[in-house]
Amino acid sequence: MAEAEMDEGASERPSGAAHWLRRFAPVALILLALGAAYLLGLHRYLTLSALSDYRETLKGFVTDWPVLSSVGYAFIYALAVAISFPAASVLSVFGGFLFGWLVGGIVIALGATCGATVLFLAARGALAGTLRERLGGTADRFAKGFENDAFGYLLALRLAPVFPFFLINIAPAFFNVPLRTYVLATALGILPGCFAYAWLGEGLDATLVSAAEAGRELSVGDLVTTEIVIAFAALSAVALLGTIVARYRRLKTQPKD
């Protein structure tokens, strides 16, 4: 009977192939979706020039179907973030243009948080622990420092405008960052950027018309001012300073040997 129980337990355990499939299938699906997006030429429709060409049609659809359009936009944004499609800044401007800075900023934040969470979960399943295994003690010490205040570090990284969004989506997957911490830090950290880009998009209509009349193609870089970059840097510094202070207080309160 014991042998039968052992055989039954062995049959319940997934085989090596099943384990690898379950671990890497989400990442494989994400890569396939990213490749399909490029093959279908979707990147050609996520430009400010395309927005200029279809702005009246898009505005009309949002006016006629406000709830459906906002839900659909959030889903498209989440999908783009989940597959790391390089269109987050343009999509954010689209959101402000279509829904205004307030509603647009909220919908952008929801879509971006959901998409980032999907990517984080997929990456965590495939990549967890590999960084420490390859780099050894240095990575382990850094990981422990990150994990001790994951919320503060991740919030600072989200606020900083110098780090690629997709990179910050994946990086916490290498460490033991709880899902709740990841979602909360992401949702709060991206809010300034979401509302800033939505604000840029809300006042875009006149700029698009002027660029079209001048025969010039507009880019997101033309809309981002030095003041906005400085504001993001200041917010990141504040978040990082809070993390440093919290760490210093923990060290002060620890009992000495």
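When the side chains of ILVMFWY residues are joined at heavy-atom separations under 4.5 Å, either directly or via intervening members, Ile108 and Val67 end up in two distinct hydrophobic clusters. In this structure, Phe94 is not a member of the same hydrophobic cluster as Val71, with clusters built from ILVMFWY side-chain heavy atoms closer than 4.5 Å. One hydrophobic cluster holds both Val103 and Leu98 under the rule that ILVMFWY side chains link at heavy-atom gaps under 4.5 Å.
In terms of heavy atoms, Leu154 sits closest to Pro172 at CD1-CG, 3.8 Å. Scanning both residues, Gly100 and Ala198, for their nearest heavy atoms gives O-CB, 4.3 Å. Among all heavy-atom pairs drawn from Pro86 and Tyr38, the shortest one is CG-OH, 3.0 Å.
Inter-residue side-chain proximity for Leu46 and Leu91 is flagged as met; some heavy-atom pair is nearer than 4.5 Å. Put simply, the side chain of Val62 reaches to within 4.5 Å of the side chain of Phe99, judged on heavy atoms.
Under the side chain to side chain contact (heavy atoms under 4.5 Å, CB included) criterion, Ala74 pairs with Val107, not counting sequence neighbours. Under the side chain to side chain contact (heavy atoms under 4.5 Å, CB included) criterion, Ile83 pairs with Ile30, Ala33, Leu34, Ala37, Leu79, Phe85, sequence neighbours left out. Legend: residues meeting side chain to side chain contact (heavy atoms under 4.5 Å, CB included) with Leu31, ordered by chain and number and at least two apart, are Val27. With sequence neighbours left out, Leu32 forms a side chain to side chain contact (heavy atoms under 4.5 Å, CB included) with no residue at all. Every residue two or more places apart in sequence or in another chain was checked for a ring-ring contact (aromatic ring centres under 6.0 Å, His included) with Phe165, and none qualifies.
Rounding to the nearest 0.5 angstrom, the gap separating the CD1 atom in Ile106 from the CH2 atom in Trp101 is 8.5 Å. Atom OG in Ser70 sits 9.5 Å away from atom CG in Leu110 (nearest 0.5 Å).
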Show the atom names and distances, to 0.1 Å, of all donor-acceptor pairs under 3.5 Å that link a side chain in residues 177-193 to residues at least two apart or in another chain.
{"unit_1": "Tyr182", "atom_1": "OH", "unit_2": "Ala116", "atom_2": "O", "d": "3.1"}
{"unit_1": "Tyr182", "atom_1": "OH", "unit_2": "Arg158", "atom_2": "NH2", "d": "3.1"}
{"unit_1": "Tyr182", "atom_1": "OH", "unit_2": "Asn169", "atom_2": "O", "d": "3.1"}
{"unit_1": "Thr186", "atom_1": "OG1", "unit_2": "Arg158", "atom_2": "NE", "d": "3.3"}
{"unit_1": "Thr186", "atom_1": "OG1", "unit_2": "Arg158", "atom_2": "NH2", "d": "3.1"}
{"unit_1": "Thr186", "atom_1": "OG1", "unit_2": "Tyr182", "atom_2": "O", "d": "2.7"}

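Listed by first and then second residue, the side chain to side chain donor-acceptor pair (under 3.5 Å) pairs that reach into residues 104-122 come to none, sequence neighbours excluded. Residue pairs meeting the side chain to side chain donor-acceptor pair (under 3.5 Å) criterion with at least one partner in residues 72-88, sequence neighbours excluded, are Tyr77-Ser92.
Applying the 4.5 Å side-chain rule to ILVMFWY residues, one finds that Leu39 remains a lone member of its cluster. Through direct or indirect side-chain contacts shorter than 4.5 Å among Ile, Leu, Val, Met, Phe, Trp and Tyr, Trp65 is connected to Phe61, Leu68. Residue Tyr45 belongs to no hydrophobic cluster, having no ILVMFWY side-chain heavy atom closer than 4.5 Å to its own. Ile76 belongs to no hydrophobic cluster with other residues, because no ILVMFWY side-chain heavy atom falls under 4.5 Å from its own, directly or through intermediates.
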task = Starting from the C-alpha separation in whole Å, work towards a yes-or-no answer on side-chain contact (heavy atoms from CB on, under 4.5 Å) for Leu58 and Leu51.
result = CA-CA 8 Å; Leu58 293 172; Leu51 179 61; 3.9 Å; yes
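Within the cation-pi definition used here (under 6.0 Å to the ring centroid, within 45° of the axis), Lys59 qualifies as a partner of Phe97.
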